[in-house]
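Any value given below was found using the heavy atoms of this structure, including those in side chains, with hydrogens, waters and symmetry copies removed. In what follows, chains carry the letters A, B, and so on, assigned in the order in which the sequence lines appear, proteins first and then strands, with residues in each chain numbered from 1. What you are looking at is a predicted structure, and each value in this text was computed from that prediction instead of being measured.
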Amino acid sequence: MDVRGHLDLLLLAVLAEAGPVHGYAVITALRDRSEGAFDVPEGTVYPALHRLERAGLVVSRWEQATPRRRRIYELTHDGQLARTAKQREWRSFVNRVQAVIGPATAQAMA
Amino acid sequence: MTTPTGDGPVEQYLDDMFDRLAGTGPAGRRLLVEAETHLLTAAAEARARGLDAEAAEREAIDRFGTAAHVTRHVSAATDARASLGRLVTGTWIATGVLMLWWGASGMATWLLSWPWTRLLIATDRFGTQPDMCSRPWVPSNPTLGCFAQYRGNLSLVPVEGDRNSYPWFAVGGLLLLAVWLLVRRSTVLRTTAWTPKPAILGLALAIPFGLAALIMTAYGVKGLYWQAQDGTLSYLTAGLLAAGISIAAIRRIRGFSLTAPTAVPALSTGPHC
């Protein structure tokens, strides 16, 4: 399933639920919670996280305690606000599309 | 092209990434470290599921995406924005320093003009000649006074309206530098980033260009309707250009504050997946 254009909201939502996590865990959570439907090229998630950090929605730090250096990502207060706003917009968008195309059951019966 | 430093697919992939990330600076180095950690972790998980080492690494790479696809976003994202940020920050600081220097030096010249004039009058040729005001031909206008006349003739001393602008320039420059010091960022590594947040840089562009657009467009419109001035077309052109820059900056601010929140299907159409 193509998630282009929606990756920001998905990443913000995963970070809001999971708390401070490294990139690999973000990708795993994205895949598990979508039951494998959002199978994005994993490497593209890191530039997206970096971009969210430049926008001030995410902060990150190196985790030194592990054998391999890992970058831990965490949502900022602005990130929480952005996630809420994007979520609201998404639900509104879905409702409007739903109103146009009709409920799934009606389509299936037709 | 760098020669692969290892035999495994992951090592070769990382070498390819390294070449493609040349010139991207800290962002590229960071992505390289994260990619290495990610690929080795994914390969280890695949081996735990029973795949052999090479198949595990190939699976990890397939899921990660091609090096060209991943690195294209990094270089495009960092270079242009970082350059623009440095340019705006440099202009900001240079403007503050120039305004402060101009205003402070003008004020200092004005303040020092009194003792400097008295020194000139009292010690012509540094004391080798008698007081200039005691000479018979000075002053030529007795009602003006010797001191005022000499001070008025000092070409470096700001006079009348000119001198009033110096304190404002100095205060303006000081404010610009103070604001810049306040909005500097502290990075997650506790080091100082000289460029403020992108949204603040956008404001730094939007406000002056927006004000300039209003003023110049007003001059242009005034020239159109009230009197045909030579500069009317120039004012209008410059005003519209400034308005365009200001609007572009405001759009960038909105983009950075909520990462393009206006329409859900276009939540982020930037260079990423």
Using a 4.5 Å cut-off on heavy atoms from C-beta on, say whether the side chain of B:Val70 contacts that of A:Pro41.
-> no
Checking B:Thr37 side chain against A:Arg70 main chain: does a donor-acceptor pair fall under 3.5 Å?
-> no
Against chain B, label A:Arg31 side chain, backbone, both or neither, depending on which of its atoms sit under 4.5 Å from a heavy atom there.
-> side chain
Atom group of A:Ile27 that falls short of 4.5 Å from chain B, counting heavy atoms | side chain
Could you tell me whether B:Glu34 and A:Arg71 make a salt bridge, using a distance below 4.0 angstrom between a side-chain N and a carboxylate O?
-> no
Toward chain A, the part of B:Leu39 with a non-hydrogen atom under 4.5 Å = neither
Spatial distance of atom NE2 (A:His50) from atom CG (B:Leu31) [nearest 0.5 Å] | 6.0 Å
Take the angle between the ring planes of A:Tyr46 and B:Phe64 and call it parallel below 30°, perpendicular above 60°, tilted in between.
-> tilted
Kindly compute the distance separating OG1 (A:Thr28) from NE2 (B:His38), expressed to the nearest 0.5 Å.
-> 7.5 Å
Assess whether atom CZ of B:Phe209 is packed by more than 12 heavy atoms of other residues, nucleotides or ligands within 6.0 Å.
-> no
Applying a strict 4.5 Å limit to non-hydrogen atoms, the region of B:Ala42 in contact with chain A is both
Student check: side-chain heavy atoms of B:Arg30 and A:Ser60 closer than 4.5 Å = yes
